[in-house]
There are 2 protein chains.
Amino acid sequence: MTASEKAYYSIHPKFHMAVDCIIFGFEDGELSLLLLKRNFEPAKGQWSLMGGFVEEGESVDDAARRVVGQLTGLTDLYMRQVRTYGDLDRDPGERVISSAYYALVDIKKYDHSLVQAHNAFWVKLPEVPHLIFDHDQMVQDALHFMQYQASVKPVGMNLLPEEFTLSQLQALYEAIFREEMDKRNFRKKIASMDYIEKTGNIDKTLSRKGAALYRFNPERFKEIGQFKI
Amino acid sequence: MTASEKAYYSIHPKFHMAVDCIIFGFEDGELSLLLLKRNFEPAKGQWSLMGGFVEEGESVDDAARRVVGQLTGLTDLYMRQVRTYGDLDRDPGERVISSAYYALVDIKKYDHSLVQAHNAFWVKLPEVPHLIFDHDQMVQDALHFMQYQASVKPVGMNLLPEEFTLSQLQALYEAIFREEMDKRNFRKKIASMDYIEKTGNIDKTLSRKGAALYRFNPERFKEIGQFKI
DNA sequence: TTAGTGAAGTGTTAAAATTACACTTTTTAA
DNA sequence: TTAAAAAGTGTAATTTTAACACTTCACTAA
């Protein structure tokens, strides 16, 4: 790189870059968020999203994966960038630009000890408290974006165990879109999606009769490739 | 701020932060992008989006507005953040994180001398050349996002003059979604949108008969608040 | 043994939205 | 006066979506 090329960059300022993660779970017919009750500064004692700074040598996407992994012990989650927040005073301590990411977690599968160590808790969406900085806005934006994605792509299943009943699936979509759905119409729609397939197993935990378990088959989805709920 | 609070930030690295702008126009029934044929380093001679670094004391959103303003002379454009690109080597010169924004411009209204000074050109979407870095990806993502927004919000009109004919409007949506639409069905749909109102003026430039001119009324849209095309 | 419980599972009809489709009107330039 | 060229207009068929209630099953407890 020539001197002038170097100057092209170096005359411009640099910024702290962070990621904040909106971690969605699903339990008891409600979406939940995994939130920190901060036992560290800044904003100790307040509620916030799990976040962290982008470090040298990692992409912003990787930082988000790392941060979620640090809290949940989980890798390979379904994660998407929501947007980037770059207002001057969004962090009152110092200027920090932050990219928000949402993650979808099977709430049965996270590392409890890590969550406990971070003083983090699952909070049902209607009970989410006020969060620090612009995290309330991030949650709003993430929810909307997630709702949109869930309406056009079969991503909701990432919030359920690998095998799930149709009642669970319906309850999930009712929670995501905050609207009741008709059982027969819902099941008709799912039946038309050949990539949601019966596993042959039966779940007996919720009813004497037992409910057929289904799974999402990503390969078959790739062939067909359309979803709308 | 205490010393420990300061350390909380300062132990972390800082990054150059840029914005890159996908500037859409509409002409001759096609979407166009305003692109730079770079007459400066780095990547001199290649095509790129208009971009710039975020400076101290300006938000990322403001940086995007400034950068589009520098090229077009226009402020108050409809602009939305697309997403942020944070891969390690996305800029081969040095690590730069960049937020992409798209802007919708009335192609009749920009400052020609500024565009000329930047060696920028309107290029019809199907003829857009390969761009530097990850700008091809940015264009893809911006187009998809813009298409989505245009399908659920009345934002397409930002690409047209204040007053427009229904033929222009239909051609615009056909260009955005790359699909032909039925004239009668289209006009039926628009007629049901009370916030797209006849101005009483007539455009005579395209036909002997003349075509009624319409305008978008944002106040009336706010009252009604739904759009789908 | 059988009656009660509680979730799982299953079709049809009405209403609404979308799509397909072709001719008439208007103006002016030749 | 007529040819040209875009503007403007309505109906019927199809598809999609929404509304709606009872039966089945397997177990538990009387």
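Note that the structure is predicted; figures quoted are calculated from it, not measured. Every chain is numbered from 1 and lettered A, B, ... according to where its sequence line falls, protein lines coming before strand lines.
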Report summary line: The correct set of residues in residues 191-200 of chain B placing a heavy atom under 4.0 Å from DNA chain D is none

Query raised in the report: How are the rings of A:Y78 and A:Y102 set relative to one another: parallel (under 30°), tilted (30 to 60°) or perpendicular (over 60°)?
Result: tilted

Report task. Please work out whether the ring planes of B:Y173 and B:F227 are parallel, tilted or perpendicular, with thresholds of 30° and 60°. Result -> tilted

Query raised in the report: How long is the line joining CD of A:E180 and P of D:dA19, in whole Å?
Result: 12 Å

**Report entry** Under 4.0 Å protein heavy-atom contact, by nucleotide of nucleotides 19-30 of chain C - B base, S sugar-phosphate only
**Finding:** BBBB--BBBBS-

Query raised in the report: For the pair made of CG in A:L169 and C1' in C:dA8, what is the distance, rounded to whole Å?
Result: 15 Å

**Report entry** Approximate separation, where rounding is to 0.5 Å, of B:L172 CG and B:F177 CZ
**Finding:** 8.5 Å

Report summary line: Whole-Å distance, B:M181 CE to C:dA17 P, equals 19 Å

Query raised in the report: Atom CG of A:L206 and atom C1' of D:dC27: how far apart are they, to the nearest Å?
Result: 15 Å

Report summary line: In short, side-chain hydrogen bond (donor to acceptor under 3.5 Å, both in side chains) pairs touching residues 219-229 of chain A with sequence neighbours left out are A:E197-A:R220

Query - Check: A:E174 side chain, A:G29 main-chain N or O, donor-acceptor pair, under 3.5 Å - result: no

Report task. Determine: side-chain N/O of B:S167 to OP1/OP2 of D:dA6, distance under 4.0 Å, yes or no. Result -> no

Report summary line: Hits for side-chain hydrogen bond (donor to acceptor under 3.5 Å, both in side chains) against A:D203, two or more places apart or cross-chain, chain-then-number order -> A:T205

Query - Atom of B:A150, atom of B:I229 and distance for their closest heavy-atom approach - result: O-CG2, 4.1 Å

Requested in this report: Figure out the CG/C1' separation between A:L213 and C:dG9, and round it to whole Å.
Outcome: 15 Å

Report summary line: Within residues 153-166 of chain B, the residues having a heavy atom closer than 4.0 Å to DNA chain C are none

Requested in this report: Would you check if the side chain of A:T199 reaches a backbone N or O of A:L213 as a donor-acceptor pair within less than 3.5 Å?
Outcome: yes

Query raised in the report: Between B:D61 and A:R83, is there a salt bridge with N-O shorter than 4.0 Å?
Result: yes

Query raised in the report: Of all heavy-atom pairs between B:G51 and B:D20, which one has the smallest distance, and what is that distance?
Result: CA-OD1, 3.5 Å

Report summary line: Rounded to 10°, the angle between the first-five-pair and last-five-pair axes of the helix from C:dT1-D:dA30 to C:dA30-D:dT1 is 10°

Report task. Find the distance B:Q226:CD to C:dA17:P and express it as a whole number of Å. Result -> 10 Å

Query raised in the report: Does the side chain of A:L206 reach to within under 4.5 Å of the side chain of A:T165, using non-hydrogen atoms?
Result: no

Query raised in the report: Could you give the CD1-to-P distance, from A:I190 to C:dG9, as a whole number of Å?
Result: 13 Å

Query raised in the report: When the distance from CD of A:Q170 to P of C:dG9 is rounded to whole Å, what number comes out?
Result: 12 Å

Query raised in the report: Would you say the ring centroid of B:F133 lies under 6.0 angstrom from that of B:Y85?
Result: no

Report task. Side-chain contact test, heavy atoms from C-beta onward, threshold under 4.5 Å: evaluate it for B:I190 versus B:R187 and give yes or no. Result -> no

Query - Residue pair B:G45 / B:K37: nearest heavy atoms and the distance that separates them - result: O-CE, 4.1 Å

